[in-house]
Each structure stands twice: as structure tokens, then as C-alpha cells.
Number of protein chains: 2
Amino acid sequence: MARARISDVAAVAGVSVTTVSLVMNDVESRISQETRQRVREAARAVGYAPSSVARGLRTQRTRTVGLISDQIATTPFAGRMLAGAQDAARDAGHLVYLLDTGGDAAIEREAIDALTAQQVDAMIYACMWHRVVDVPQGVLPKTVLLDCRPVNGGYRSVVPDDRAGGAAAVRELVAAGHRRIAYLDTDDPGPLASRLRHEGYLEALAEAGITADPALHVRGETSAHGGRAAAEALLDLPDDKRPTGIFCFNDRMAAGVYIAAHRRGLDIPRDLSVVGYDDQQLIAAEQDPPLTTVALPHYAMGRWAMEVALGVRAEGDEDATHLMECPVIRRDSVGPPPAQVAKPNRRRASHTERPPEAAPDR
Amino acid sequence: MARARISDVAAVAGVSVTTVSLVMNDVESRISQETRQRVREAARAVGYAPSSVARGLRTQRTRTVGLISDQIATTPFAGRMLAGAQDAARDAGHLVYLLDTGGDAAIEREAIDALTAQQVDAMIYACMWHRVVDVPQGVLPKTVLLDCRPVNGGYRSVVPDDRAGGAAAVRELVAAGHRRIAYLDTDDPGPLASRLRHEGYLEALAEAGITADPALHVRGETSAHGGRAAAEALLDLPDDKRPTGIFCFNDRMAAGVYIAAHRRGLDIPRDLSVVGYDDQQLIAAEQDPPLTTVALPHYAMGRWAMEVALGVRAEGDEDATHLMECPVIRRDSVGPPPAQVAKPNRRRASHTERPPEAAPDR
DNA sequence: CTGAAAGCGCTAACAT
DNA sequence: ATGTTAGCGCTTTCAG
């Protein structure tokens with residue numbers, strides 16, 4: 001059975017197609033209650049659903065949005081962002097095309113062309129990490145950027161407020177009484193997040209009247225392994241220099257700090273406090289003890305981007321970056337600093353070699 | 001400037017719209033090389049791109065696919081699956097609509113209606129965990145299921161071969177010489193994976209001539225915490241009963257086994273071998289030592305589903321479930337069993353209480 | 001080898 | 001309060 005058309009409904013209801021169109025689109029004007037009813041029933045009877053394609057051709061508005069992203073595959077954050085965008089689109093009666101380019105410029109071009117051909121009403125250009133991008137030619141002029149900012153302005157964008165997030169993280173430590181606080185940073189200069197969180201770190205230190213010790217700003221590979229290595233170095237510092245609290249660039253690196261601490265018999269948070277960033281469920285919540293961290297507002301950013309792209313949310317400035325707050329998630333990895341710094345084993349830590357005999361249970 | 005139409009190109013090239021259409025669509029027939037050239041140039045000159053909407057209305061084929069999923073947000077697997085589907089769609093010149101329902105039936109209905117109105121050429125119904133679903137009314141008859149199977153047949157579907165995967169995992173342990181192998185299962189009976197992996201476990205044991213010990217099939221909450229608790233119980237078994245290898249339902253639980261083992265001073269893989277499942281990058285690869293696990297072929301499944309949905313891959317049977325192989329990823333958590341079972345500390349393990357003083361570095 | 005014209009299903013200006 | 005009708009931009013017969 002072929003799809004019912006508007007004329008079928010009109011015939012069954014004994015009215016014109018105009019009338020059907022009017023009632024299907026809930027146009028306020030005219031049309032008596034009784035007619036409306038009749039049309040509704042006829043539509044149901046023949047199983048009518050308006051064709052978005054025909055409507056799109058006629059109105060030149062398709063009620064679709066294109067979401068172009070560099071990587072959905074490799075990051076656990078993608079989902080929350082998509083979900084936020086998704087939900088906002090649904091609320092506004094729009095459908096979203098998802099286009100993943102893998103960062104490939106040629107594919108990006110193709111994607112933009114396809115979306116243009118499809119006459120999407122809006123576009124969102126999303127990155128999976130907060131960074132600066134050169135927005136490709138051909139995107140709709142009102143495109144909004146998600147989790148990235150345009151290198152030369154010209155677009156509205158939404159990104160996490162990494163500076164404030166970094167400051168908030170460090171304030172957790174300060175509030176618990178810590179004075180020697182390290183920033184275990186990534187060694188990858190790409191993401192803006194690294195620099196911004198560092199600024200936040202310095203800001204929170206300054207407002208607490210603590211002089212930042214450059215020796216406490218260390219870098220490592222962005223992984224548990226890298227975090228562990230950097231933490232070892234920090235824990236090898238002389239007692240009076242050693243940090244009592246460590247703010248980590250992300251949760252993965254914080255997991256490395258846990259490993260380093262536990263291998264030395266240091267208890268978290270009794271002997272060492274740690275704060276992460278990202279609130280990666282699989283990591284932060286599953287640590288022992290659960291990790292206090294700063295959450296990236298991916299869902300909210302996705303929603304925001306979609307709402308302004310669709311004009312649901314009026315955002316005055318055509319060329320402004322919206323900073324989204326990163327809430328701190330308090331769990332159990334922060335406590336007061338030890339009265340006297342716990343004495344770690346002075347032996348050079350070895351990351352690979354393993355002592356010949358098993359240690360007794362703690 | 002308004003969008004260029006086919007008639008604009010025709011005017012510039014001095015030909016009819018028919019001719020333009022023919023060359024734009026690479027229709028083999030007629031049209032001299034010279035005319036083609038002229039049309040191409042005209043198209044470029046006016047910046048012409050065919051309207052997919054108009055074409056869709058005319059041809060009744062939109063070159064779009066709807067991908068309905070229960071949850072993209074909460075699982076780190078979603079990305080790979082979407083990427084696979086995505087790539088296959090692009091290869092076939094299709095665009096994909098992503099619709100996340102959050103498992104809500106009303107939203108699911110809406111989604112299906114919207115896709116129907118949009119006249120998508122195909123639909124994929126995806127789950128984020130291998131399970132049995134009751135496919136909702138209204139989906140296209142040739143819809144393909146991704147990572148789930150239909151409760152009453154009637155649809156093609158693709159799921160991971162969890163049985164073979166479970167067997168492969170256990171064979172890793174058997175091949176290393178283990179005889180007392182535990183299966184640390186989830187306590188959630190929902191996913192088919194639990195049952196299937198258990199069957200695989202039993203199968204691998206049987207083929208190695210090992211009698212399965214029911215005491216070695218334990219369950220726990222599906223998390224690192226649950227894995228740790230279950231592992232404690234296993235490690236508390238008397239020496240001659242204790243497993244030397246543990247196959248875990250997933251990587252998260254395996255991470256819990258690591259914690260339990262390390263807290264007792266047990267070295268992996270020297271004192272205990274462990275195999276996970278899922279190959280979650282953030283977990284498996286970052287363990288110390290890196291975890292040997294079984295990968296879920298999400299990308300391949302996504303691709304497969306899209307290819308059969310689009311008819312690119314001819315899959316004879318209209319009503320068959322395709323089993324996708326789960327490759328084992330060898331890392332460093334499996335070794336030969338200890339010559340003599342390492343003696344763990346006999347004291348009852350406590351999961352929350354913490355001894356008053358830090359233990360010395362191992 | 002090329003063109004004219006019908007029509008996909010809908011909305012909206014204009015009649016009545 | 002309701003109906004007629006002209007397109008939206010394209011593909012595709014059917015005629016030359």
C-alpha cells in the first residue's frame with residue numbers, strides 16, 4: 001500500500017487539501033471545530049503522515065540540522081554532547097544528521113556539501129576537545145561551534161570554562177587546608193584546557209595568598225601511566241617541598257597518581273589529596289576512594305549549541321564565546337593535609353621492575 | 001544570493017534542464033563530451049548543487065537512513081558503532097539521522113514517525129548492549145537490528161559472538177597452563193552476554209578436559225567495586241581451590257580484580273592471571289600491567305548493519321542473526337600459573353575500613 | 001544527441 | 001469558513 005497523500009485525506013473528509021493542510025499544521029484561523037475533527041479522523045483512517053520532503057521543498061525549511069564533528073568514535077564524551085544536542089533538537093521538532101569527519105578535511109568538505117544539498121536549517125560544528133579551529137568554508141553563516149572556538153571569530157561558540165574549573169578544583173584543596181598544591185599537567189599543548197586550567201590553578205593559589213612554586217607544576221603524558229610517572233617525581237621531592245594535594249589535568253592522570261600513591265603505601269586522602277578533571281564515569285567514580293573531580297558540562301553544551309543554532313535561545317552576539325560552568329563533583333579523594341607529611345619510602349621508585357616477593361596485605 | 005537552481009545552470013550553459021540533469025547525474029546515454037564540459041563549467045560558475053529535497057520528492061528516494069538507538073549517551077561503545085555505520089553510509093552516499101530515545105517508548109514512537117515522514121530509505125535499530133528487543137511498530141520492514149536480536153524474529157540482526165569470545169578468553173588461560181579458572185560474572189541477568197560468555201567458558205573448559213567447579217563461577221555488581229568484592233571471595237578460597245586465572249565478564253570488573261590482587265600483594269600475572277572483556281581503552285590499556293581482554297567488534301557491527309540496511313551487502317536471509325567475531329587482545333595480564341599458589345594474607349579483607357598506618361612500599 | 005512538459009506532495013496567496 | 005491553483009526544484013518519459 002502506497003503512502004497516503006494529503007489529497008486522499010481531503011477526499012475522505014470531503015474537504016479541500018487546503019483545509020487538510022491547515023488543520024494538520026494547526027493554523028489558528030478559520031476552520032470550524034467540526035471540520036477539524038472530521039479531517040483528523042480521515043487522516044487517522046487513511047494513516048496519513050505529511051511528507052517532510054514535499055513540505056521542505058515547498059517551504060524551503062527542512063527542520064533538520066547537521067552536526068559535523070571531528071571525532072565521535074574515540075571519546076567517551078561524545079555521547080553526552082550528542083545527547084544534549086539531540087534532546088534540544090527534538091524539543092524544537094528538528095531531526096539531526098550526524099556527520100563524523102575523523103578530522104579529515106576532504107571528508108569535511110563532502111559533509112558540508114551534503115548538508116547543503118540537504119538544505120539543513122542549521123549547522124553545528126563540534127570538536128571533542130576544547131580547541132581553536134579554522135572553520136571550513138561553506139558552512140552556514142550562523143553555524144555554532146561546540147567545544148571549540150573559531151580562530152578568527154565570526155561564529156558563536158560554547159566551551160567549558162576551564163579556567164574557572166581549574167580554580168574551583170584548586171579551591172577544594174585550599175579549603176581543606178592544603179598549601180603545597182601541585183598541578184599535574186598534560187604534556188600536550190594542543191587543548192586550550194591545559195593552559196586555562198593552569199591559569200585557574202594560579203588564580204586560586206593567588207587568592208589564597210599562596211605563592212606558586214614552579215617545581216609543583218609538572219607535566220606528563222596524558223594517561224594513567226603518564227600521571228603515575230609525574231606523580232612519582234612529585235612524591236620524590238623532599239618533605240618540605242612535597243605537595244600534599246595534587247590537581248590533575250584529567251581523571252586518567254589522576255588514576256596514575258592513585259597508583260603511584262598506593263605503591264608507596266600512601267593513603268588517599270589521608271596522606272595525599274587529589275582532584276581530577278573530566279568526571280569520566282569509568283574512571284573517577286570507580287577509583288578507591290572515589291575521585292573528587294571537575295565535570296565537563298557536555299550535555300549542557302550540546303543543548304546550548306543546538307538551542308542557539310535553532311534560534312530557540314536568543315543569543316544576542318553573533319560572535320561570542322559562551323563559557324559553560326564546570327561543576328566540581330565532590331567524592332572522597334580530598335581531605336585535610338597530614339599533620340606532618342607522611343614519609344614515603346625513599347628508595348628510587350621503579351616503574352617496571354618488581355620486587356621478588358609479594359608484600360604483605362597493607 | 002539565493003541558491004542556484006538547475007535552470008540557472010541550463011541558461012548559462014545554453015542547454016535545457018534535461019541536459020543539465022543528465023550530466024549532473026552521470027547518466028551514460030547521449031550528451032556529447034563537449035556539452036558535458038560546458039554544463040560542468042556552468043554549474044561550477046553559478047555554484048550549483050542539486051537540491052536533495054527536490055530530488056527526494058521526485059524520486060521518492062532520499063538517500064538518508066535513520067539510526068534509532070536506546071542510548072548513545074551512557075556508553076563508551078556507542079562511538080565505534082556509530083562510526084562504523086557512519087562510514088558505511090558515507091561510502092554509499094547516504095546521510096544518517098541519529099535518534100536517541102533513551103529507551104523511552106513514547107520518544108521511540110515519535111522518532112519512528114519523524115523518520116517515516118522524512119522518508120528515509122532505511123532504518124537501523126540499535127542497542128548499546130547485546131540484548132533481545134521487541135521491535136516497535138512502524139519501523140521499515142527491512143530494518144536491521146544492531147547489537148540486539150528481535151524477540152520474535154522477522155529482522156536481520158548483528159550481534160557479537162559472545163559465546164566464542166568467552167571461549168577464546170578462557171582458552172588464553174588454558175593455553176598458559178591454568179586449570180583452576182574462575183568466571184567472574186555480572187549479577188545482572190539482562191544482557192545476553194552474561195549467559196553466552198558463560199557457555200563459552202564452559203565449552204573451553206570442557207575441550208581442555210577440565211571439570212568446571214561451580215564454586216569458581218561467582219557473580220558481582222558490574223563495576224570495579226563489584227569485581228573487587230567477588231575477587232576477594234575467590235582469593236579467600238583455600239589454596240587448593242583458589243583459581244590461578246580469572247575470566248571477568250568485563251574490563252571494569254577486571255579492574256576490581258586488579259585492586260583486590262594488589263591489595264594482597266599479589267602480582268599480576270605472576271601470582272594471578274586475568275582476562276577481561278570489552279577492551280575499553282580507558283580501562284584495559286591503562287591497567288598495570290595492561291589487561292588482556294576480548295574486544296567487542298563495535299565498528300564492524302555498525303558497518304555491517306549499515307551495509308545490509310542499504311543493500312550494499314547482500315545478506316540472503318531476511319531473518320537471520322549475524323554473529324560477529326570478538327578478537328582477543330593480548331596484553332600482559334596472563335602468564336603461567338604460579339608453581340605453587342602464592343599465599344595471600346589470610347586476614348578477612350575489608351573493603352572500607354582502612355588500617356591506621358600506611359604500609360611500607362612493597 | 002537534445003528539449004518540452006508532467007508531476008512528486010505540499011503550502012500559501014488569492015478567490016469565493 | 002472553505003476552495004483553486006501556482007509553484008518549490010528536480011527527474012523522466014516522450015518527442016523530436
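Per chain, numbering begins at 1; letters A, B, ... match sequence-line order. Side chains included, hydrogens not; waters and symmetry mates left out as well; all remaining heavy atoms used.
- Every residue two or more places apart in sequence or in another chain that forms a side chain to side chain donor-acceptor pair (under 3.5 Å) with A:Arg5 is listed here: A:Asp8.
- Note that CG of A:Leu140 is 7.0 Å distant from OG1 of A:Thr116, once rounded to the nearest 0.5 Å.
- In this structure, CZ of A:Arg61 is placed 15 Å from C1' of C:dC10, rounded to the nearest angstrom.
- The side chain of A:Thr35 places no N or O atom within less than 4.0 Å of a non-bridging phosphate oxygen (OP1 or OP2) of D:dA1.
- Here the closest heavy-atom approach between residue A:Asp87 and residue A:Arg303 is recorded as CB-NH2, 3.8 Å.
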- Message: Within the 4.0 Å limit for protein heavy atoms, which parts of nucleotides 6-11 of chain D are touched? Write it as a string from 5' to 3', B for base, S for sugar-phosphate only, - for none.
- Response: BBBBBB
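- Within the 4.5 Å cutoff, the side chain of B:Asp100 has no heavy atoms near those of the A:Leu82 side chain.
- One distance of note links CZ of A:Arg63 with CG of A:Leu95; it measures 10.5 Å at 0.5 Å rounding.
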